[in-house]
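Scroll down for the structure; my scribbles are underneath it.
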Protein chains: 2
Amino acid sequence: MTKYVSLLKNSGLKSTFQRIHMLENIASCGHMSIDDIYEKVVKIHPSLSLATVYKNIILMVEKGVLTEVPITGKKSKYELSKEDHIHLICIACGKVEDKPHNLHINTICTSMSKEENFVLNKQQINLYGKCITCHATPNV
Amino acid sequence: MTKYVSLLKNSGLKSTFQRIHMLENIASCGHMSIDDIYEKVVKIHPSLSLATVYKNIILMVEKGVLTEVPITGKKSKYELSKEDHIHLICIACGKVEDKPHNLHINTICTSMSKEENFVLNKQQINLYGKCITCHATPNV
DNA sequence: CTCTGTGCAAAGCGTTTGCAAACGA
DNA sequence: TCGTTTGCAAACGCTTTGCACAGAG
């Protein structure tokens, strides 16, 4: 709670009820689309406007508080910015799970960037497939 | 040329002027947005409709001829489907470059999926940063 | 000849914008 | 109090849809 107040303050954003609860929900769900966020927060703050969610997402991505996770064939999800990691994305249920970022991959990506004189900024490694649950129940 | 005729046929799609030239342009540019494609093809086929481009993109992605490359903060680009590889995406000029997919990465991703009982389907590894050209000229 | 694909125009939606009121610091 | 943020409603722009005609096989 207080965590997000200072996170916002450090990013030069005022801490409002809307922003704090957007961050809390994103933190607890891990990855959420705009609509997911709106639906969650509007429950505890019925006058919330979707436009407010959009404005804040744009602002918090700009400030580096949130990171967009673009997903093939679907709408982007958003997560709290953190160290590089790998996303396991279920193509059936849409769930996104984090896996710690293997050191070897980091090394390979870094040296690859050097070879190309590419000034590396951010890595996004997405593995698409079926989570164990969806794989077990193919007809849903 | 004939290449795309058979690629389309094998995918169960009729080979039309529009589709062949969409594929030719995507092949020669590597990665294109919907608008890029439309602008290129409309030059040699002025009556082309943007709706046709949309319809064909959807169809060809479904059939596996094309692959969508979703990019943080931008519109998706499309490429001819091919073996897994890595994208170097310039956050300044938007250029996308392919790098061969390192065997080690493949191994790591595969074993990681196994650990999680995740049935791996497709990998998308995107490295965001600045290409050497944009890095040299920061004020554009 | 038949079925698929195209082009046009309209409809649909997700996203953005402008502005007055509410709010945080 | 002052600058920022919110909520609403309208505007926007990308994408999809329906339909009649054209084209591929």
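So you know, we letter chains A, B, ... as the sequences are listed, proteins then strands, and number each from 1.
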At under 4.0 Å between heavy atoms, what does B/Lys75 touch on the DNA or RNA strands: base, sugar-phosphate, or nothing? sugar-phosphate
First of B/Phe17 and A/Ser49 reached from the 5' end of DNA chain D, by closest nucleotide: A/Ser49
For atom CG of A/Leu50 and atom C1' of D/dA11, their distance in whole Å: 15 Å
From D/dC8, C/dT6, C/dG24, pick the nucleotide closest to the side chain of B/Asn56? C/dT6
Is there a donor-acceptor pair closer than 3.5 Å between any side-chain N or O of B/Tyr128 and the backbone N or O of B/Thr72? yes
Is A/Asp35 touching bases, backbone alone, or none of the nucleic acid, heavy atoms closer than 4.0 Å? nothing
Rounded interatomic separation in angstrom, taking NZ from B/Lys55 and P from D/dA22: 16 Å
Could you please name the option among C/dT6, C/dA25, D/dT16 that lies closest to any side-chain atom of B/Thr52? C/dT6
Check for a donor-acceptor pair, side chain of A/Glu83 on one end and backbone N or O of A/His101 on the other, with a separation under 3.5 Å. no
For C/dT6 and B/Thr16 - does any side-chain N or O of the residue sit under 4.0 Å from the phosphate oxygens OP1/OP2? yes
Report the nucleotide, chosen from D/dC8, C/dG7, D/dA24, that has the shortest atom-to-atom distance to any side-chain atom of B/His45. C/dG7
Residue pair A/Lys9/B/Gln18 against DNA chain C: nearer the 5' end by closest nucleotide is B/Gln18
Tell me yes or no: between the side chains of A/His31 and A/Asp98, is some donor less than 3.5 Å from an acceptor? yes
Nearest to the side chain of B/Ala51 - D/dG7, D/dC19, D/dT16? D/dT16
With sugar-phosphate meaning primed atoms plus P, OP1 and OP2, does B/Leu48 contact a base, only sugar-phosphate, or nothing at under 4.0 Å between heavy atoms? sugar-phosphate
Look at A/Ser15 and C/dG24 and indicate whether a side-chain polar atom (N or O) is within less than 4.0 Å of OP1 or OP2. no
Interatomic distance where CG belongs to A/Leu8 and C1' belongs to C/dC23 [whole Å]: 15 Å
For A/Val65, is there any backbone N or O sitting under 3.5 Å from a side-chain donor or acceptor partner on A/Ser81? yes
Among D/dG7, C/dT6, C/dG5, which is the nearest nucleotide to the side chain of B/Leu13? C/dG5
Answer with base, sugar-phosphate or nothing: what part of the nucleic acid does A/Ser47 contact at a heavy-atom distance below 4.0 Å? sugar-phosphate
Candidates D/dT17, D/dG23, D/dT5 - which lies nearest the side chain of B/Lys14: D/dG23
With a cut-off of less than 4.0 Å, is there a side-chain N or O of B/Arg19 near OP1 or OP2 of C/dT6? yes
Do A/Leu127 and B/Val119 belong to the same hydrophobic cluster, where Ile, Leu, Val, Met, Phe, Trp and Tyr are linked whenever their side-chain heavy atoms lie under 4.5 Å apart, directly or via other members? no
